[in-house]
K.L.:
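Questions regarding the structure given below will be posed in turn.
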Amino acid sequence: MSDWQKVKLGKLYEVHNGLSKGRQFFGTGFPFLTFSNVFNNWFLPEELESLVQTTDKEREACSIKAGDVFITRTSETMDELGMSSVALKDYPNATYNGFTKRLRPITDRVYPRYIVYYLRTPKFRGQFMAFSSMTTRASLANNDLLNMEVELSPMDIQKNIATILSRHDSLIENYQKQIKLLEEAAQRLCEDWFIDLHFPGHENTNIIDGVPEEWEKKKVGELIAKVPRTKQIQTKDYQNSGCIPIIAQSRTYIAGYTDDPESKVESNEPYIVFGDHTRILKYVPFPFAKGADGTQLIMSSNLNLMPQCLLFSSLVNIDLSSYSYARHFKYLKEDEILVPSALIASIFKNYVAKWYEKIQQNREYLLLLTEARDRLLPKLMSAR
């Protein structure tokens, strides 16, 4: 249909950078939209849990209103750049972080629920790679952003497209909730047994200086095996489909695909993948390729005393937030965790292994649903 038009974002929105404050201003004050909120949510969360101390002037300049689009403007990795989230309501007194840009509508031509789907398509996000620069961080300039084009139809068609895609989102959200509950169950068990020391038989076990008898504290670096070097796939070489999923630094579990057989990582045990810049850990129980930019692979050196599921759960509990910028793996290796007896390690593995199997099963369903949804938008548009 001829009613569809290509329109530059600058004809639809005005752009504004976010709020940059020192660490001492956070924890109290007014609602604050974080980088993570934008990256992980197609639509802004109902409530913003983070708080920041702000002035009246800052809250006015960096306000959040219905229809605002937030886009990640800078990141340590290219695949985290240009992720978007849309506000469906006003957030009184809230501000947003300096690592995102706000696009505020200057016209009523755009339906918010439509534009969020469009901005998340591989077709549109590919434009970010062309306009962005990579020095120590990936970044995006205002003029480049406003010159990007989106495809718009009449409002009724935008609403119909959004309604169809929202049905897929409801199913996706359900699987995401199931995954989160299972992950939380594994973490609670780990904390209960290895931090609070309420492991099976603790009532009859001597605790000496916070360490149960027959257990010991060890540095993470002493517990991991040397992993053979494997080829890394550069972000520019990620494919939208392929035989081998790529596990990279971003919060997205699968960042892309490759068909390069030399990059394939296989093992009889799951691997732990650690983002050296992002500090994100992933438990990967299937063959994969390693993404670029400091993606680390971790394997336990003793699977009897430290099964991969236990090592992963223990590593997730380590707080790296106060460490210096980037290259966090060296700090991670210096941290200490408890190594239990072989019996307790085995019991823990028996408990949580089935949870991680269910998590992986749900991720596979989630991937299929996500791919189906992402294929729908261009198909709906091609029907014009």
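Heads up: numbering here begins at 1 and tracks the sequence.
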K.L.:
Please work out which of the three classes, parallel, tilted or perpendicular, describes the rings of W42 and Y117, given edges at 30° and 60°.
P.N.:
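Plane angle between 30° and 60°, so tilted.
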
K.L.:
Applying side-chain contact (heavy atoms from CB on, under 4.5 Å) to V116 and S85, what does each step give before you reach the verdict?
P.N.:
CA-CA 6 Å; V116 71; S85 187; 5.7 Å; no

K.L.:
I'd like to check M299 versus Y271 (side-chain heavy atoms, cut-off strictly below 4.5 Å). Are they in contact?
P.N.:
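Side-chain contact under 4.5 Å: yes.
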
K.L.:
Kindly give the heavy-atom pair with the smallest separation between N304 and A345, and that separation in Å.
P.N.:
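Taking every non-hydrogen atom into account, O-CB, 3.4 Å.
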
K.L.:
List the steps, then state whether side-chain contact (heavy atoms from CB on, under 4.5 Å) holds for H202 with F199.
P.N.:
CA-CA 5 Å; H202 69 92; F199 54 89; 3.8 Å; yes

K.L.:
Is V284 close to P270 at the side-chain level, that is, under 4.5 Å between some pair of heavy atoms?
P.N.:
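When only atoms from C-beta onward are counted, V284 and P270 do not touch, as no gap falls below 4.5 Å.
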
K.L.:
Measure the acute angle between the ring planes of H16 and Y96, then classify it against the limits of 30° and 60° as parallel, tilted or perpendicular.
P.N.:
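H16 vs Y96 ring planes: perpendicular.
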
K.L.:
Taking the side chain as every heavy atom from C-beta outward, state whether Y111 and L152 have any atom pair closer than 4.5 Å.
P.N.:
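A side-chain contact under 4.5 Å is absent here.
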
K.L.:
Start with the C-alpha gap between K65 and D90, add the side-chain angles, then the distance that decides, and say whether salt bridge (charged side-chain N to carboxylate O under 4.0 Å, His left out) holds.
P.N.:
CA-CA 4 Å; K65 297 182 179 180; D90 292 350; over 6 Å; no

K.L.:
Pick out which of K358, R363, R188, K177 makes a salt bridge (charged side-chain N to carboxylate O under 4.0 Å, His left out) with E183.
P.N.:
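So the option named by the test is R363.
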
K.L.:
Do other residues, nucleotides or ligands put more than 12 heavy atoms under 6.0 Å from Y351 OH?
P.N.:
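Open: at most 12 neighbouring heavy atoms sit under 6.0 Å from OH of Y351.
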
K.L.:
Please find out if less than 6.0 Å separates the ring center of F348 from that of F194.
P.N.:
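Aromatic pair counts; centres sit under 6.0 Å.
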
K.L.:
Between K282 (side chain) and A248 (backbone), is there a donor-acceptor pair under 3.5 Å?
P.N.:
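At least one qualifying donor-acceptor pair exists.
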
K.L.:
For the side chain of N37 and the backbone of L33, is there at least one donor-acceptor N/O pair under 3.5 Å apart?
P.N.:
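Checking the backbone N and O of L33 against the side chain of N37, no donor-acceptor pair under 3.5 Å is found.
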
K.L.:
Can you tell me if CG on D196 sees more than 12 non-hydrogen neighbours from other groups inside 6.0 Å?
P.N.:
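More than 12 heavy atoms, drawn from other residues, nucleotides or ligands, come within 6.0 Å of this atom.
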
K.L.:
Compute the ring centroids of Y257 and Y238, then answer whether they are less than 6.0 Å apart.
P.N.:
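Here the rings of Y238 and Y257 have centres that are no less than 6.0 Å from each other.
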
K.L.:
Evaluate the criterion salt bridge (charged side-chain N to carboxylate O under 4.0 Å, His left out) for residue pair R102 and E14; output intermediate values, then yes/no.
P.N.:
CA-CA 8 Å; R102 183 192 67 199; E14 60 182 12; 5.1 Å; no

K.L.:
Tell me whether S313 contacts the main-chain N or O of L310 through its side chain, where contact means a donor paired with an acceptor under 3.5 Å.
P.N.:
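Here the side-chain-to-backbone pair does not exist.
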
K.L.:
For the residue pair H328 and Y331, does the interplanar ring angle fall in the parallel (under 30°), tilted (30 to 60°) or perpendicular (over 60°) class?
P.N.:
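The rings of H328 and Y331 sit tilted, inter-plane angle from 30° to 60°.
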
K.L.:
Given W215 and I344, is the side-chain contact (heavy atoms from CB on, under 4.5 Å) satisfied, shown in steps?
P.N.:
CA-CA 10 Å; W215 293 31; I344 295 300; 3.8 Å; yes

